[in-house]
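Working notes for the structure below.
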Amino acid sequence: MHLQSLTLSSSHSLLKSIPHFPTTTSTSTTAAVRFPIQSVYRYDPVTYPNAIGSSRADWQSSCAILSSQSQQLLSQDDPSSSSTDHISSVNGHNSTIENLNLVPISNLSDSTSLKPQPKPLTITDLAPAPMHGSNLRVAYQGVPGAYSEAAAGKAYPNCDAIPCDQFEVAFQSVELWIADRAVLPVENSLGGSIHRNYDLLLRHKLHIVGEVQLPVHHCLLALPGVRKEYLTRVISHPQALAQCEHTLTKLGLNVTREAVDDTAGAAEFVAINNLRDTAAIASARAAELYGLDILANGIQDDSGNVTRFVMLAREPIIPRTDRPFKTSIVFAHEKGTSVLFKVLSAFAFRNISLTKIESRPHRSHPIRVVDGADAGTAKHFEYLFYVDFEASMAEPRAQNALAEVQEFTSFLRVLGSYPMDMTPWSPSRIEE
Ligand SMILES: O=C(O)C(=O)C[C@]1(C(=O)O)C=C[C@@H](O)C=C1
């Protein structure tokens with residue numbers, strides 16, 4: 001392939017050969033082809049107020065709604081759109097989460113007045129269902145009060161956040177049109193990459209359409225009246241436990257640490273089971289929602305603790321050049337790490353900065369056996385490489401870099417080209 005300079009329009013055929021890169025400026029996808037005629041609501045709107053609409057709609061009208069909503073949703077990630085929901089709100093123009101249709105915090109003084117929160121969707125709840133209402137629905141893993149819920153609100157201030165019991169469910173809810181976006185934590189400034197989520201990005205065909213970086217401010221929560229000395233156990237998400245490791249030791253707690261699915265779920269567990277020997281690490285919002293006291297505030301090991309989340313959608317957004325964009329790719333080669341230098345130089349020669357590089361085991365070919373005749377047999381581990389770089393796929397230099405990368409690799413996928421989160425840095429801000 002020649003390394004000529006390409007414009008976006010002249011490079012369509014090149015970009016089409018890069019798996020999953022969008023080359024159209026609009027899509028005519030409608031839900032009509034995606035829904036079985038027999039789709040039935042299976043969610044109780046009282047139990048799942050945020051999950052989906054409140055009544056069963058007839059097929060014809062739901063197709064019409066979906067068709068118009070798919071156009072509307074496309075424009076919501078498009079920075080050129082005038083919608084207040086679009087991703088530019090992530091980038092410092094509106095970084096509050098006030099407008100998120102979060103579960104309201106009632107005046108909870110103790111755990112006996114605990115109000116039932118919406119139950120997360122589970123894998124058995126998933127069924128294609130028509131959409132209603134105009135709010136963007138954003139699926140996240142966890143229960144109300146989780147940081148992922150706050151990230152959804154930062155990215156899409158007017159969204160309905162849909163709790164899901166697993167990441168897999170959040171992905172599937174977007175694939176099945178139950179939700180419009182999924183929010184996925186990918187890395188933390190203290191804990192590093194969330195590896196499993198990188199694997200999920202590859203297993204599914206969703207596109208990254210935005211990112212948010214959320215300051216994560218952890219609290220130690222316990223039932224009212226419980227003192228630190230009574231505690232024998234601290235539970236939380238493994239990332240949260242890792243982010244507070246040293247502070248927990250410094251607090252002099254004589255506790256075991258146990259991992260659960262999410263931070264707010266840990267708080268809910270303590271409250272529901274009336275556990276007086278157990279504390280949870282979670283947000284201040286989780287304390288309010290589940291009627292817990294804050295025993296210690298800001299217990300993350302670094303005050304500038306930040307988690308980066310990506311927003312996923314069924315359709316990619318159209319990359320632009322009038323604002324800072326980031327592009328995420330994943331690639332592999334049979335010759336493994338030996339091509340890495342060549343790939344990275346494709347970016348270096350074009351002055352494209354990399355913001356992230358991550359390697360993961362190549363699950364379908366984890367080992368390459370190299371027969372060294374007399375010397376025996378060497379077993380090399382095979383990897384997939386995830387790279388984020390600071391350029392938009394609308395820029396010829398990024399297109400040319402990827403054309404070159406494609407020559408060196410046996411597999412290449414563009415996971416998304418999306419606006420960078422440019423929120424001003426304020427490490428001490430508390431954001432729950
Ligand atoms: O448990 C939560 O509240 C989450 O949103 C998950 C999660 C993560 O997976 O890293 C998100 C942010 C924090 O870093 C801790 C936990």
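In this text the structure is predicted, and so the values were computed from the model without any measurement. Order of listing sets the numbers, starting from 1, for every ligand and every atom in it. Side chains included, hydrogens not; waters and symmetry mates left out as well; all remaining heavy atoms used.
No close placement of the Phe167 and His204 rings is indicated, their centers lying 6.0 Å or farther apart.
Partners of Glu258 under the salt bridge (Lys or Arg N to Asp or Glu O under 4.0 Å) rule, at least two apart in sequence or in another chain, are Arg233. By the salt bridge (Lys or Arg N to Asp or Glu O under 4.0 Å) test, Asp388 is found to be paired with Arg308, residues two or more places apart in sequence or in another chain being considered. When the ring pair (Phe, Tyr, Trp, His ring centres under 6.0 Å) test is applied to Phe269, no partner is found at least two apart in sequence or on another chain.
With respect to the salt-bridge test (charged N to carboxylate O, under 4.0 angstrom), the residues Lys154 and Asp421 qualify.
For ligand 1, the 4.0 Å heavy-atom shell contains residues Ala146, Tyr147, Ser148, Pro185, Asn188, Ile194, His237, Gln239, Gln243, Asp262, Thr263, Thr307, Phe309.
Between Asn135 atom CG and Asp180 atom CG the span is 9.5 Å, to the nearest 0.5 Å.
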